Amino acid sequence: MEEVRSTTAWVATHSSHVTVDFTGIEKVAENMKNSLPKVEWDFEGIHYFDNGPLTVQYLLVLDTLNFCFWPDEEMSYDHLASGLKVTLESDKSAFDADRLQKYSGPQLRKMLNWSRPLPLEDERVRLLHEVGLELERSFEGKASKLVESCDNSAAKLVALMTRHFPGFRDHTVYKGHQIFLYKRAQIFAADLWGAFKGEGYGDFEDISSITIFADYIVPAVLQQLGVLRYRSSLDNTIKKNTEIVSGSEEEVELRACSVYAVEKMKELISKKTGKQVLSVELDLWLWAFGIQCPSLQHHRTLSVYY
Ligand SMILES: Nc1nc2c(c(CN[C@H]3C=C[C@H](O)[C@@H]3O)cn2[C@@H]2O[C@H](COP(=O)(O)O)[C@@H](O)[C@H]2O)c(=O)[nH]1
């Protein structure tokens with residue numbers, strides 16, 4: 001994850017549209033130092049969990065499809081997590097690798113109990129097929145085999161995911177530099193860690209190496225907290241719900257500055273409290289705060305990465 005950390009830091013020091021406000025970070029860190037709010041993984045109670053390999057298969061399917069819900073105002077991550085849960089509960093082989101390769105758009109809609117086309121439906125179907133095929137080819141069809149081959153290292157898991165599944169290669173070029181965000185690959189490791197409470201399939205000795213997951217909710221929360229500041233043109237674009245092109249400077253800065261700012265926040269809180277704080281914990285807190293705030297306006301980019 002070093003490449004995520006170093007390349008996002010590069011963006012933050014060369015950014016034109018987004019600024020990281022260190023006074024804002026200091027204020028948040030000061031507030032958090034006495035009581036770092038712990039948010040339970042699955043605080044919403046929407047995920048499938050059976051403490052075994054099927055949960056790993058579920059989480060891989062979930063994070064394969066964990067992106068871009070906003071084009072449909074009524075669609076959210078909750079629909080995905082709970083729809084896949086209900087599907088698996090009624091049919092334990094629904095996420096077998098051979099079946100993943102065959103799902104159509106309408107079948108995926110049915111799984112999510114959704115009556116109209118899903119946002120980026122063709123891409124969702126394509127990515128499901130890609131994961132099913134590669135699971136079959138390299139991991140005996142089992143996501144659990146993939147995780148077992150990582151020697152309890154989240155960094156190895158992310159490297160393996162991005163090597164095997166092109167859909168997880170969340171990187172881009174910014175001002176001539178390659179920038180790595182790896183949102184869905186990292187969140188898969190974090191979901192395993194959270195669901196299995198750091199044991200079994202979630203036992204990663206380097207969980208502290210993971211950064212936050214740069215999506216469209218966390219930057220909006222950081223702006224609200226005064227940690228990120230936007231140039232007025234970007235602020236207006238977001239307020240007007242105008243789409244921001246994937247790979248544009250604005251989009252890369254929003255995501256990369258979020259990762260960088262939370263890394264700085266984490267360092268500061270750790271220094272103030274003398275206790276190690278994890279980016280995963282800060283992410284869950286920020287994200288949970290964001291989704292409970294429906295008036296929060298976020299940037300809109302059509303992307304398969306987040
Ligand atoms: N940074 C970060 N981004 C996250 C998540 C999660 C869900 N994680 C689950 C794991 C354990 C907990 O129980 C959570 O429920 C989804 N997202 C992103 O949010 C956006 C969806 O927003 P809306 O359209 O309002 O549903 C979309 O980009 C989605 O990819 C997270 O944890 N961190």
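Excluded from the calculations below are hydrogen atoms, water molecules and symmetry mates; all remaining heavy atoms, backbone and side chain alike, are included. Numbering of ligands and ligand atoms starts at 1, following listing order. This one's a predicted model, so the numbers in the text were calculated from it and none came from an experiment.
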Mind telling me whether F43 and W287 have parallel, tilted or perpendicular rings, with 30° and 60° as the class edges?
perpendicular
I'd like to know if the side chain of R184 reaches the main chain of G167, judged simply by a donor and an acceptor atom lying under 3.5 Å from each other, with no hydrogens or angles considered.
yes
Working to the nearest 0.5 Å, report the span between CD of Q186 and OG1 of T162.
10.0 Å
Begin from the C-alpha positions of L100 and H129 and carry the test side chain to side chain contact (heavy atoms under 4.5 Å, CB included) through to its verdict.
CA-CA 6 Å; L100 292 179; H129 294 183; over 6 Å; no
Just checking, any donor-acceptor pair under 3.5 angstrom between side chains of T273 and K33?
no
May I ask you to check whether Q107 and S104 show a side-chain donor-acceptor distance below 3.5 Å?
yes
Protein N/O near ligand 1 N/O, under 3.5 Å, which pairs?
from	atom 1	to	atom 2	distance (Å)
ligand 1	1 (N)	F213	O	2.9
ligand 1	1 (N)	D283	OD1	2.8
ligand 1	1 (N)	D283	OD2	3.3
ligand 1	3 (N)	D215	OD2	2.8
ligand 1	3 (N)	W287	NE1	3.3
ligand 1	13 (O)	D42	N	3.0
ligand 1	13 (O)	E44	OE1	2.9
ligand 1	15 (O)	E44	OE1	2.7
ligand 1	15 (O)	E44	OE2	3.3
ligand 1	17 (N)	W287	NE1	3.2
ligand 1	19 (O)	D215	OD2	3.1
ligand 1	19 (O)	W287	NE1	2.8
ligand 1	24 (O)	Y216	OH	2.8
ligand 1	26 (O)	Y77	N	2.8
ligand 1	30 (O)	N66	O	3.2
ligand 1	30 (O)	N66	OD1	2.6
ligand 1	30 (O)	K183	NZ	2.4
ligand 1	33 (N)	D283	OD2	2.7

